[in-house]
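Note on naming: letters A, B, ... go to the chains in the order of the sequence lines (proteins, then strands), and numbering restarts at 1 for each one.
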Amino acid sequence: MRNVGGERRYPTIARVRLPLDTVLLARYLIGKLLVRETGNGTLSGRIVETEAYPIGDAASHAHRGMTLRNRALFLSRGHAYIYIAYGTSSMVNVSSEAVGVGAGVLIRALEPLDGIASMQRNRGVESVRDLARGPGRLAAALEVDRSQDGIDLCRPGPLRLARDDQASPEIGVSRRIGLSRETERLLRFYVRGSPFVSGPKRLNL
DNA sequence: AGTGCGATTGACT
DNA sequence: GTCAATCGCACTA
């Protein structure tokens with residue numbers, strides 16, 4: 001979506017447009033845009049991979065109740081929950097239910113759009129394909145960390161969601177990645193055929 | 001105050 | 001394909 005000046009526009013997504021269900025939201029977010037405004041300009045990417053962590057899911061950080069770390073999961077749908085995994089990688093999630101209900105959608109990969117040169121600098125990597133292929137990588141590329149935890153992604157600000165008027169991509173479904181206590185439910189969604197999707201090949205068919 | 005564990009990544013065989 | 005680095009945080013006492 002570009003205007004005549006060639007600059008991409010990022011229309012925000014009203015909260016009421018977000019599905020009121022974690023799994024539906026995970027699917028809905030495929031093809032939408034994640035936009036990061038920094039002092040040095042705009043960084044953005046198309047969401048090509050998500051995972052749902054719904055109500056009652058034993059693997060969800062919200063499963064054992066609200067804590068200092070996970071409280072953003074209990075905000076109304078469309079707020080950022082950001083945490084650090086393995087001491088080094090920040091993970092970007094979207095809260096996905098009503099206020100007081102803990103659930104979220106993990107954004108696992110982006111197709112880089114604007115600010116690619118900045119992302120390459122942030123990641124120390126040239127390959128555009130590898131800039132945001134993986135949850136920790138995309139956070140590093142977009143300069144996202146715990147200081148954006150709790151931000152409303154449905155309002156203008158340093159981190160937000162945006163629409164993109166493109167043909168709806170073909171969405172694939174698989175089990176989730178990287179969980180030790182694996183559930184059998186199909187809670188991972190991705191753009192079929194996209195080179196920007198993470199995960200083993202057999203899960204991306 | 002101490003312990004154990006990851007919703008990962010990058011380096012390596 | 002394997003494997004270890006790394007540290008914030010929840011949990012136990």
Side-chain angles (χ1 to χ4, degrees), chain A residues 21-30 34 45 47-75 77-97 101-110 112 119-151 153 159 161 172-191 195-205:
Chain A
D21 172 274
T22 303
V23 178
L24 293 180
L25 179 63
R27 180 184 283 271
Y28 171 88
L29 288 177
I30 296 294
L34 186 63
I47 297 170
V48 296
E49 182 182 355
T50 62
E51 282 179 355
Y53 289 83
I55 298 169
D57 172 20
S60 167
H61 286 181
H63 187 243
R64 282 188 268 245
M66 184 160 36
T67 67
L68 194 57
R69 171 175 73 157
N70 71 13
R71 60 188 176 182
L73 278 178
F74 294 80
L75 298 173
R77 66 195 190 281
H79 286 81
Y81 164 51
I82 295 158
Y83 72 94
I84 299 176
Y86 296 96
T88 50
S89 302
S90 295
M91 305 280 137
V92 179
N93 300 257
V94 182
S95 68
S96 55
E97 299 283 345
V101 179
V105 173
L106 171 68
I107 301 179
R108 286 195 56 92
L110 302 177
M119 295 190 211
Q120 288 169 320
R121 178 160 22 85
N122 293 338
R123 289 266 295 114
V125 165
E126 286 293 308
S127 161
V128 174
R129 183 170 106 96
D130 295 333
L131 287 181
R133 188 167 52 86
R137 291 168 173 176
L138 79 85
L142 296 191
E143 303 174 30
V144 172
D145 57 36
R146 281 274 297 172
S147 62
Q148 284 85 45
D149 185 53
I151 280 180
L153 299 171
L159 188 65
L161 295 167
V173 185
S174 82
R175 70 169 182 79
R176 296 179 293 188
I177 293 176
L179 299 184
S180 48
R181 32 183 183 181
E182 188 47 76
T183 68
E184 301 174 25
R185 301 173 61 186
L186 300 177
L187 296 175
R188 173 175 175 265
F189 301 90
Y190 58 94
V191 175
F196 301 99
V197 169
S198 77
K201 213 174 290 182
R202 62 185 183 80
L203 290 185
N204 294 333
L205 299 176

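Residue A:Arg133 places none of its side-chain N or O atoms closer than 4.0 Å to OP1 or OP2 of B:dT9. For B:dA7, neither phosphate oxygen OP1 nor OP2 lies less than 4.0 angstrom from any side-chain nitrogen or oxygen of A:Arg188.
When rounded to the nearest whole Å, the span between CD1 of A:Ile82 and P of C:dC7 equals 20 Å. Regarding A:Asn93, its CG atom lies at a distance of 11 Å from the P atom of B:dT8, rounded to whole Å. What separates CG of A:Leu73 from P of B:dA7 is a distance of 12 Å, to the nearest Å. Computed from coordinates, the A:Leu106 CG to B:dT8 P distance equals 7 Å when rounded to whole Å. Across the protein-nucleic acid pair, A:Asp145 atom CG and C:dG8 atom C1' stand 14 Å apart, rounded to whole Å. The separation between A:Tyr83 atom OH and C:dC9 atom C1' is 12 Å, rounded to whole Å. For the pair A:Asp130 CG and B:dT8 P, the computed distance is 17 Å after rounding to whole Å. Per the geometry, CG belonging to A:Asn70 stands 13 Å off C1' belonging to C:dG8, to the nearest Å.
Looking at heavy atoms from C-beta onward, A:Thr50 lies out of side-chain contact with A:Val94 at the 4.5 angstrom threshold. Looking only at side-chain heavy atoms (C-beta outward), A:Leu138 and A:Glu49 stay at 4.5 Å or farther from each other.
DNA chain C is contacted by both A:Thr88 and A:Arg146; A:Thr88 maps to the nucleotide lying nearer its 5′ end (nearest heavy atom per residue).
Set against C:dC11, C:dA10, B:dT8, the side chain of A:Arg64 has C:dC11 as its closest nucleotide. Of the listed nucleotides (B:dA7, C:dC9, C:dC11), B:dA7 has the atom at the smallest distance from the side chain of A:Tyr53. Closest to the side chain of A:Leu68, from the set C:dC9, C:dC11, C:dA10, is C:dA10. Residue A:Ala85 has its side chain nearest to B:dT8 when only B:dT9, C:dC9, B:dT8 are considered. When distances run from any side-chain atom of A:Pro135 to the nucleotides C:dG8, B:dT8, C:dA10, the shortest one goes to B:dT8.
Listed for the A:Tyr190 side chain is a donor-acceptor partner under 3.5 Å among the backbone atoms of A:Leu205.
Among all heavy-atom pairs drawn from A:Leu179 and A:Ala59, the shortest one is CD1-CB, 3.9 Å.
Here OG of A:Ser96 is found 10.5 Å from CG of A:Leu24. Values are rounded to the nearest 0.5 Å. To the nearest 0.5 angstrom, A:His79 atom NE2 is 14.5 Å from A:Gln148 atom CD.
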Q. Given Watson-Crick or G-U pairs with both distances under 3.5 Å, what dot-bracket string fits DNA chain B, with | for other-strand pairs and [ ] for crossing?
A. ||||||.|||||.

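As judged by a 4.0 angstrom heavy-atom cut-off over every strand, A:Arg123 is placed among residues touching the sugar-phosphate backbone only.
Stacking here means ring centres nearer than 5.5 Å and ring planes tilted less than 30 degrees, and by that measure A:Tyr86 does not stack onto C:dA5.
Remark: A:Arg69 qualifies as a cation-pi partner of A:Tyr83 under the 6.0 Å distance and 45° angle criteria applied to the six-membered ring.
A donor-acceptor contact under 3.5 angstrom links the side chains of A:Ser127 and A:Asp130, judged on distance only.
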